[in-house]
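Below is one structure, written out as structure tokens; the observations come after it.
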Protein chains: 2
Amino acid sequence: MRFSSQREIIREIVESTNAHPTADWIYNKAKKRLPNLSLGTVYRNLKQLDEEGTIKAITDGNVSRYDWNTASHDHMKCKVCGEIIDVHLQDDSIRKKIRKNYKFEVDDVKMTIIGTCKKHKK
Amino acid sequence: MRFSSQREIIREIVESTNAHPTADWIYNKAKKRLPNLSLGTVYRNLKQLDEEGTIKAITDGNVSRYDWNTASHDHMKCKVCGEIIDVHLQDDSIRKKIRKNYKFEVDDVKMTIIGTCKKHKK
DNA sequence: AAATAAATAATAACAATTACTATTATTATT
DNA sequence: AATAATAATAGTAATTGTTATTATTTATTT
């Protein structure tokens, strides 16, 4: 994969936020620096960055979001404001349980907690 | 919500399978019994059934699937064949951990294991 | 500096889902 | 049982998120 300034800027934007942005959000942010950037370019580069392991694509309901944090972690999503908060909840008891009870080879454990964040629970 | 035969048939179809079908799959199945059923009707009724708690909408990548099993459980998804297998992995240690460490009110814990099912791991 | 091929912008195509609207069917009322 | 009220439907159009296409541009190799 060869250098492209578009990809660099897209990566910088993903790495600049904890907000787990969507492709569209990243596109609008990047467009300020690259006025004739194309949304397709954003999608293509996000996919490439995900495939090479630089960022991680996550899925929120039915839209894709992108996370600079590629280390194993989980998410808590507030149903009021939509915010996605990073947490670490998994331990290896889950993988152990699967290994013990099922013939299933685990690649990844995705866990999302749905609820109300501290700003919105009364 | 008043009676509709379309909704009855849609519910029956969801309840007839463990395959976590998509709206489109349900639509094609239901169409054999209701030849001029509309896909919008399927979506509307699936949403209603989900809202009243009769079935549960789950999200698989970027498409919605529907599950008759509304009891708390998790899913293992095979990346080879796409099959989604019901499992029970959660215990209340996760909710306990959140209660202890974060000011976040939990409604639901969604967990999906990505990997290879027994039919496809060599 | 020229050649090669990967990446781009612009646009079209696509898939999943939701919205709109005139008509039909269910339930409540007479 | 007939009528009225209105929820649900079929058919269709619109919307949203994403991927594909293609002529042009740009990074890298020769």
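Every chain is numbered from 1 and lettered A, B, ... according to where its sequence line falls, protein lines coming before strand lines.
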Whole-Å distance, A/Q48 CD to C/dA6 P, equals 11 Å
Taking atom types as modelled, find out whether A/Q90 and A/D74 have a side-chain donor-acceptor pair closer than 3.5 angstrom. yes
Near DNA chain D, counting only heavy atoms under 4.0 Å, which residues of residues 33-44 of chain A show up? A/L39, A/Y43
Whole-Å gap separating P (C/dT8) and CD (A/E8): 11 Å
Rounded distance in Å - NZ (B/K47) to C1' (C/dT18): 7 Å
To the nearest Å, how far apart are A/I10 CD1 and C/dA7 P? 12 Å
Carboxylate-amine/guanidinium proximity below 4.0 Å for B/D67 and B/K56: no
Lys/Arg-Asp/Glu bridge criterion (N-O < 4.0 Å) met for B/R7, B/E12: no
For D/dT3, give its Watson-Crick or G-U wobble partner with both distances under 3.5 Å, or none. C/dA28
Give the rounded distance in Å between these two atoms: CE of A/M1 and P of D/dT28. 12 Å
Listed in order of residue number, which residues of residues 57-67 of chain A have a non-hydrogen atom at under 4.0 Å from DNA chain D? A/V63, A/S64
Over all strands shown, is B/N45 touching base, sugar-phosphate only, or nothing at heavy-atom distances under 4.0 angstrom? sugar-phosphate
Take A/T22 and A/D24, measure what side chain to side chain donor-acceptor pair (under 3.5 Å) needs, and give me the verdict at the end. CA-CA 5 Å; A/T22 61; A/D24 198 64; 5.5 Å; no
Taking only N and O in the side chain of B/Q6, is any of them less than 4.0 Å away from OP1 or OP2 of D/dA10? yes
Can you tell me how the ring of A/H20 sits relative to the ring of A/H75, calling it parallel under 30°, perpendicular over 60° and tilted otherwise? perpendicular
Between B/E15 and B/R11, does any side-chain N to carboxylate O distance fall below 4.0 Å? yes
For the side chain of B/R2 and the base of D/dA8, is some donor closer than 3.5 Å to an acceptor across the two? no
Return the value, rounded to whole Å, for the distance between atom CD of B/E52 and atom C1' of D/dA8. 14 Å
